[in-house]
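A note on names: the letters A, B, ... follow the listed sequences, proteins ahead of strands, and every chain is numbered from 1.
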Protein chains: 2
Amino acid sequence: MTKVKKRSNCPISQSLDIWGDKWSLLIIRDLMFAKKCTYGDFLKSPEGIATNILASRLHALEENKIIEKLDHPDSKAKVLYKLTRKGIDLLPIMIEINLWAEKYFSTIPEDRKAMIKEMKKDKPGFIKAMTKELEGLK
Amino acid sequence: MTKVKKRSNCPISQSLDIWGDKWSLLIIRDLMFAKKCTYGDFLKSPEGIATNILASRLHALEENKIIEKLDHPDSKAKVLYKLTRKGIDLLPIMIEINLWAEKYFSTIPEDRKAMIKEMKKDKPGFIKAMTKELEGLK
DNA sequence: ATATTTACTTGTATTATGCAAGTGAATATA
DNA sequence: TATATTCACTTGCATAATACAAGTAAATAT
């Protein structure tokens, strides 16, 4: 993917310039809710992202400081991807997408349904706990 | 645009299947915050959507019951686009995108900044008022 | 020493987007 | 009444993004 130019100063537009495509938020979902953190993990997700697209998205997200690359503790062959603070702060958006989807789609996986229940029960509490958890991953 | 197939049952993925592109949420922004409601209005937005893309997105959003077409009161030549309840319910997502963007982008238009201030001051109140306003447009 | 894993890159076909021009119905203007 | 203009699109074509298949190099396991 070539460099995306800023289309306008609108906050929605500027946000979409970074993660407004069919794949970026799925990578963020993996990092956020599924605790996936390697290239291979992302590839295995059910939507089936193509490997070159994954590479280009990871690159773009890193450039935009949404994620960062770290050494994987298990092996030098592995890379550990992690959400930055800026990436973790996408959590409220991700929560609202989940809540909207839960209202309008009938087919939602059971484990995610359980998580959505938690989100609804205590949204600020969920955000705080999840944020702490994601910050903790080092 | 040809029919988008469902990639998985994940609520994030299913949501992105509908509006996960660079343009759909900008149309929704126009309907939601700028009170634009005609094809020509959308075309005039600063991001400069191409006319064929606009047509295809409007068609897709209508098919997915996010928006609906109504007769324009002023003229038979005009079409009035309106958010459905499902579309209005995207408001919490749109709010969180605004808040995230306000935190991480330095260039935000003044009028939008004022609106974001309102969102932060009383989020449920903002949602309620805006929802009522959008429902009222008939 | 060899095979496998891991994180990619490269090449090519397909699909989507961007741009310019055109169309037909409705409305405004002369 | 005839003509120009507005409005909501459609069409054709160049360019860009995505999907799919295969390949690569470093690190690790056997």
Side-chain angles (χ1 to χ4, degrees), chain A residues 1-8 13 16-27 30-31 34-64 67-82, chain B residues 1-8 13 16-27 30-31 34-64 67-82:
Chain A
M1 196 166 63
T2 41
K3 184 121 148 256
V4 178
K5 63 162 185 286
K6 184 159 108 176
R7 293 174 294 174
S8 82
S13 174
L16 295 177
D17 286 344
I18 295 183
W19 47 256
D21 65 271
K22 292 230 175 285
W23 295 108
S24 295
L25 288 188
L26 293 184
I27 297 170
D30 283 348
L31 287 158
K35 303 299 179 287
K36 295 185 175 186
C37 59
T38 66
Y39 193 91
D41 285 343
F42 304 137
L43 271 186
K44 272 176 232 136
S45 286
E47 293 84 10
I49 190 170
T51 174
N52 55 340
I53 305 297
L54 176 56
S56 91
R57 285 302 168 283
L58 287 172
H59 199 80
L61 289 172
E62 196 192 354
E63 229 172 38
N64 286 294
I67 62 173
E68 58 184 330
K69 287 169 79 168
L70 299 174
D71 292 338
H72 198 287
D74 293 355
S75 153
K76 273 183 210 167
K78 289 187 182 179
V79 173
L80 191 144
Y81 287 96
K82 185 180 172 301
Chain B
M1 194 166 68
T2 41
K3 185 121 147 252
V4 178
K5 63 163 182 285
K6 184 158 108 175
R7 293 174 295 173
S8 82
S13 173
L16 295 177
D17 286 344
I18 294 183
W19 45 257
D21 66 273
K22 292 229 175 287
W23 295 108
S24 294
L25 288 188
L26 293 184
I27 297 170
D30 282 348
L31 286 159
K35 304 297 180 289
K36 296 185 174 187
C37 60
T38 66
Y39 194 90
D41 286 342
F42 304 137
L43 271 186
K44 273 177 232 137
S45 286
E47 293 83 11
I49 190 170
T51 174
N52 55 339
I53 305 297
L54 175 57
S56 92
R57 285 302 169 284
L58 287 172
H59 198 81
L61 290 172
E62 195 192 355
E63 228 171 39
N64 286 294
I67 62 173
E68 57 184 332
K69 287 169 79 168
L70 300 174
D71 292 337
H72 198 288
D74 292 356
S75 150
K76 272 184 211 166
K78 289 187 181 179
V79 174
L80 191 146
Y81 287 95
K82 185 182 173 295

Quiz item: C:dC8 C1' sits how many Å from A:L80 CG, rounded?
Solution: 17 Å
Quiz item: Would the number of heavy atoms belonging to other residues, nucleotides or ligands and lying under 6.0 Å from NE2 of A:H59 be above 12?
Solution: no
Quiz item: Over how many whole Å does the gap from A:L54 atom CG to D:dC20 atom P extend?
Solution: 14 Å
Practice problem: Would you indicate, yes or no, if D:dA16 has its OP1 or OP2 atom less than 4.0 angstrom from a side-chain nitrogen or oxygen of B:K22? | Solution: no
Quiz item: So which nucleotide from C:dA16, D:dA17, C:dA7 ends up closest to the side chain of A:R57?
Solution: D:dA17
Practice problem: Quickly work out the A:H59 NE2 to D:dT18 P distance and round it to whole Å. | Solution: 15 Å
Practice problem: Please say whether more than 12 non-hydrogen atoms of neighbouring residues, nucleotides or ligands are located less than 6.0 Å from CG in B:D71. | Solution: no
Quiz item: Quick one: A:I53 CD1 to C:dT14 P, roughly how many Å, whole number?
Solution: 16 Å
Quiz item: Over how many whole Å does the gap from A:E47 atom CD to D:dA19 atom C1' extend?
Solution: 15 Å
Quiz item: Could you write nucleotides 21-30 of chain D as a row of B, S and -, 5' to 3', where a protein heavy atom under 4.0 Å of any base atom gives B, of only sugar-phosphate atoms gives S, and otherwise -?
Solution: BB----SS--
Quiz item: Rounded to the nearest Å, what distance is computed from the OH atom of residue B:Y39 to the P atom of nucleotide D:dC9?
Solution: 6 Å
Quiz prompt | Pairwise side-chain contact, A:L26 with A:I49, heavy-atom cut-off 4.5 Å (strictly under) | solution = no
Quiz item: Looking only at side-chain N and O atoms, does A:W23 come under 4.0 Å of OP1 or OP2 in D:dA17?
Solution: no
Quiz item: Does some side-chain heavy atom of A:D41 sit less than 4.5 Å from a side-chain heavy atom of A:D30?
Solution: no
Practice problem: Could you check how far OH of B:Y81 sits from P of D:dC9, rounded to whole Å? | Solution: 3 Å
Self-check item: Pairing residues for A:D21 by the side chain to side chain contact (heavy atoms under 4.5 Å, CB included) criterion, not counting sequence neighbours
Solution: A:W23, A:S24, A:R57
Quiz item: Once you round it to whole Å, what is the distance between P of D:dC9 and CG of B:D41?
Solution: 13 Å
Quiz item: So do B:K22 and A:R7 actually touch side chain to side chain, heavy atoms under 4.5 Å?
Solution: yes
Quiz item: Are the side chains of B:K69 and B:L58 in touch, meaning some heavy atoms are under 4.5 Å apart?
Solution: no
Quiz item: Out of C:dA16, C:dG18, C:dA7, which nucleotide sits closest to the side chain of B:A50?
Solution: C:dG18
